[in-house]
Amino acid sequence: MSMDRQARAPIFEALMRYKADRVVKFDVPGHKGGRWDTGLADFLGRGCLALDVNSMKPLDNLCHPVSVIREAEQLAAEAFGARDAFFMVSGTTGAVQAMIMSVCKAGDKIIMPRNVHRSAINALVICGAVPVYVDPGVDARLGISLGMSVGAVRAAVDANPDAKAVFINNPTYYGICSNLKAIIDLAHGRGMLALVDEAHGTHFYFPPSGGGLPLSAMVAGADMAAVSMHKTGGSLTQSSFLLCGSMMNSGGSFGGGVNTQYVRQVINLTQTTSASYLLLASLDVARRNLCLDGAAANARALALTGYALSEINKLGGYIAFTDDLIDGDAAYDFDATKLSVHTREIGLAGIEVYDLLRDEYGIQIEFGDIGNILAIVSAGDSPFEIERLVSALSEIRRLCSKDKAGMLDHEYISPIVELAPQEAFYRDKAPYPLDGCEGHISGEFVMCYPPGIPVLAPGERITRDIIDYIKYAKEKGCSLTGPQDMQIESIQVLHT
């Protein structure tokens with residue numbers, strides 16, 4: 001990788017030239033660089049609005065890039081060890097869906113863990129592919145789902161030799177990684193593609209010189225990977241990369257011969273034709289920064305998180321996840337930048353601790369579920385802020401602890417799949433009261449967001465465990481999304 005080349009930021013540089021040219025604006029957007037006083041200039045700054053522009057020849061076009069955007073894509077591919085890269089302005093949701101829709105058509109099977117993000121199952125609703133779910137491992141002490149074991153994937157592959165692809169999380173929201181290389185090799189050995197959701201693994205591509213981060217998808221030889229640059233890569237929210245074809249592959253696999261023109265066509269089915277140049281430039285600049293400073297930045301993040309984990313575990317009551325989770329299989333590796341903390345031992349659900357941190361201590365963390373919290377740490381954080389978080393958790397333990405009796409002790413419920421998601425989603429259905437849904441087949445999603453992993457997906461049978469989980473999550477204050485009924489008092493079930 002040429003650092004001289006990686007020091008370039010073609011989209012950003014083109015925007016700076018455009019700004020210097022003082023072009024008369026008879027195109028969209030209508031705010032005309034902030035000159036029409038809509039209030040946005042005071043809110044965002046005129047410098048920001050001056051660069052909120054439309055596609056034009058000097059700035060290229062994301063739908064059909066031939067100049068500065070194409071050059072930026074090539075630099076991104078080189079930086080991440082891929083044969084090609086696509087700039088995504090519809091988030092990693094768009095990247096995940098484009099990835100699946102590029103390799104699966106209606107009726108095709110795809111093997112995936114059930115603890116995928118909703119975007120993956122949404123892709124199945126859109127394209128009509130059929131999931132073959134692999135139950136992830138479960139940590140009984142923490143009640144959380146892990147990754148996929150190699151044995152479970154092998155069993156799914158053996159039972160479904162006609163599947164088109166294997167889909168892998170790298171890592172899970174909690175920071176847990178499957179044996180990525182082994183699963184990718186297994187998929188390729190059976191003529192299947194390996195697709196990786198790296199929404200929370202951007203930093204894996206820029207490990208410190210001494211290591212300390214799990215393997216990235218492209219290094220492991222994946223065929224495609226959705227990389228959420230805005231989460232841990234430093235770009236603006238909603239910006240992402242879709243990587244195609246690991247440079248570690250030597251032909252014969254999808255990665256060695258991917259039809260990137262077709263992938264772009266699939267992306268263009270759903271991605272906006274009015275891409276934000278603020279998002280595109282942020283991807284360009286963030287990629288440059290990662291190449292020049294990513295390893296050092298990730299070393300700083302690891303040091304901050306390591307200190308926080310140690311201090312939180314000294315408090316008592318909490319269990320801050322460490323590499324003692326690693327079992328060499330379903331928990332093959334662990335992302336030590338993730339500050340995941342189990343809270344049930346102090347009698348509080350994760351969402352309750354999440355709310356207390358925000359409302360009482362002015363600390364916003366990433367999410368809280370029924371048993372855990374997650375704080376995202378990067379080089380942008382400071383030791384002082386880590387101390388504030390540790391001190392707040394200490395006070396919450398001292399002031400708010402309860403008896404844990406009666407608390408729900410697991411996050412994952414194994415699904416009973418009766419119909420493919422697309423078939424169930426588009427079937428005739430009617431609302432049933434939540435307590436009266438047991439035994440029926442759901443026609444919609446229910447999930448806590450974040451993390452956005454469905455508790456219930458279209459085509460799955462509703463069990464008492466699922467109903468109890470939904471009621472418990474509501475009681476504890478989780479943000480539940482998915483159903484037509486915004487109060488989650490009823491669920492749309494299929495007509496029998």
Side-chain angles (χ1 to χ4, degrees), residues 8-19 21 23 25-33 48-80 82-105 119 122-123 126-127 195 199 223-230 233 235-245 254 257-288:
R8 294 280 318 283
I11 300 173
F12 172 76
E13 293 161 10
L15 281 172
M16 291 300 99
R17 290 192 297 270
Y18 167 83
K19 184 178 181 183
D21 286 344
V23 174
K25 304 173 187 295
F26 283 112
D27 61 350
V28 297
H31 59 67
K32 303 296 180 175
C48 176
L49 292 188
L51 299 179
D52 181 34
V53 296
N54 191 33
S55 295
M56 60 190 74
K57 282 189 176 181
L59 297 180
D60 211 353
N61 187 303
L62 184 61
C63 294
H64 190 86
V66 295
S67 59
V68 293
I69 294 177
R70 185 61 188 140
E71 183 182 357
E73 288 180 337
Q74 290 166 344
L75 287 172
E78 179 185 272
F80 284 81
R83 297 177 186 274
D84 218 328
F86 298 93
F87 279 40
M88 306 294 297
V89 294
S90 52
T92 309
T93 288
V96 165
Q97 292 175 350
M99 185 165 62
I100 292 173
M101 291 163 61
S102 292
V103 303
C104 291
K105 299 178 178 63
S119 58
N122 284 349
I126 296 168
C127 74
L195 315 180
D223 299 302
M224 302 181 82
V227 177
S228 193
M229 282 287 284
H230 71 91
S235 65
L236 291 177
T237 295
Q238 201 175 309
S239 58
S240 181
F241 285 145
L242 175 57
L243 306 177
C244 291
F254 183 76
V258 57
N259 183 346
T260 54
Q261 289 83 1
Y262 177 68
V263 174
R264 195 180 299 279
Q265 286 182 324
V266 171
I267 291 170
N268 286 340
L269 290 174
T270 55
Q271 183 157 257
T272 179
T273 57
S274 302
S276 165
Y277 276 85
L278 299 175
L279 297 181
L280 295 177
S282 80
L283 283 169
D284 204 17
V285 172
R287 180 270 312 154
R288 180 181 68 182

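In what follows, residues are counted from 1 in the order of the sequence shown.
Looking at heavy atoms from C-beta onward, P65 lies in side-chain contact with R264 at the 4.5 angstrom threshold. Inter-residue side-chain proximity for T272 and V89 is flagged as met; some heavy-atom pair is nearer than 4.5 Å. Between I100 and V96 the shortest side-chain heavy-atom distance falls below 4.5 Å. With a 4.5 Å cut-off on side-chain heavy atoms, C244 and D223 do not count as touching. Proximity of V227 to F80: side-chain heavy atoms (C-beta onward) are separated by under 4.5 Å at one or more points. A 4.5 Å side-chain heavy-atom check between Y18 and D21 finds every atom pair outside the cut-off. Within the 4.5 Å cutoff, the side chain of Q271 has heavy atoms near those of the S90 side chain. A heavy-atom distance below 4.5 Å is found between the side chains of M224 and V263.
Between the CD1 atom in I267 and the OG atom in S102 there is a gap of 6.5 Å [rounded to 0.5 Å]. Rounding to the nearest 0.5 Å gives a distance of 14.0 Å between CD of E78 and CZ of R83. Note that CD of Q265 is 10.5 Å distant from OG1 of T260, once rounded to the nearest 0.5 Å. From L283, atom CG reaches atom CG of L236 across 8.0 Å, with rounding to the nearest 0.5 Å. For the atom pair CG (L62) and CG (N268), the distance works out to 7.0 Å, reported to the nearest 0.5 Å. One finds the NE2 atom of H230 at 10.0 Å from the CG atom of L279 (value rounded to the nearest 0.5 Å).
R17 meets the side chain to side chain contact (heavy atoms under 4.5 Å, CB included) test with E13, A14, V68; sequence neighbours excluded. With sequence neighbours left out, K32 forms a side chain to side chain contact (heavy atoms under 4.5 Å, CB included) with K25, R35. S276 meets the side chain to side chain donor-acceptor pair (under 3.5 Å) test with no other residue; sequence neighbours excluded. With sequence neighbours left out, Q97 forms a side chain to side chain donor-acceptor pair (under 3.5 Å) with no residue at all. F87 meets the ring pair (Phe, Tyr, Trp, His ring centres under 6.0 Å) test with F241; sequence neighbours excluded.
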Check the pair M88 / M229 against side-chain contact (heavy atoms from CB on, under 4.5 Å), numbers first and verdict last.
CA-CA 10 Å; M88 306 294 297; M229 282 287 284; over 6 Å; no
Under the side-chain contact (heavy atoms from CB on, under 4.5 Å) rule, what do Y277 and L280 come out as? Steps first, then yes or no, please.
CA-CA 5 Å; Y277 276 85; L280 295 177; 4.1 Å; yes
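At a threshold of 4.0 Å, the pair R287-E73 does not count as salt-bridged, since none of the basic side-chain nitrogens sits closer than that to a carboxylate oxygen.
Scanning all heavy atoms of the two residues, the minimum distance from A95 to A226 falls at CB-CB, 3.7 Å. The nearest pair of heavy atoms linking A85 to R70 is O-NH1, 4.3 Å.
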Without placing hydrogens or testing angles, list every side-chain donor-acceptor pair under 3.5 Å for residues 52-59, not counting sequence neighbours.
from	atom 1	to	atom 2	distance (Å)
D52	OD2	H31	NE2	2.8

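Just one of T237, T92, T93 meets the side-chain hydrogen bond (donor to acceptor under 3.5 Å, both in side chains) condition when paired with S228; it is T92.
Side chain of D60 to backbone of S67: a donor-acceptor contact under 3.5 angstrom is found.
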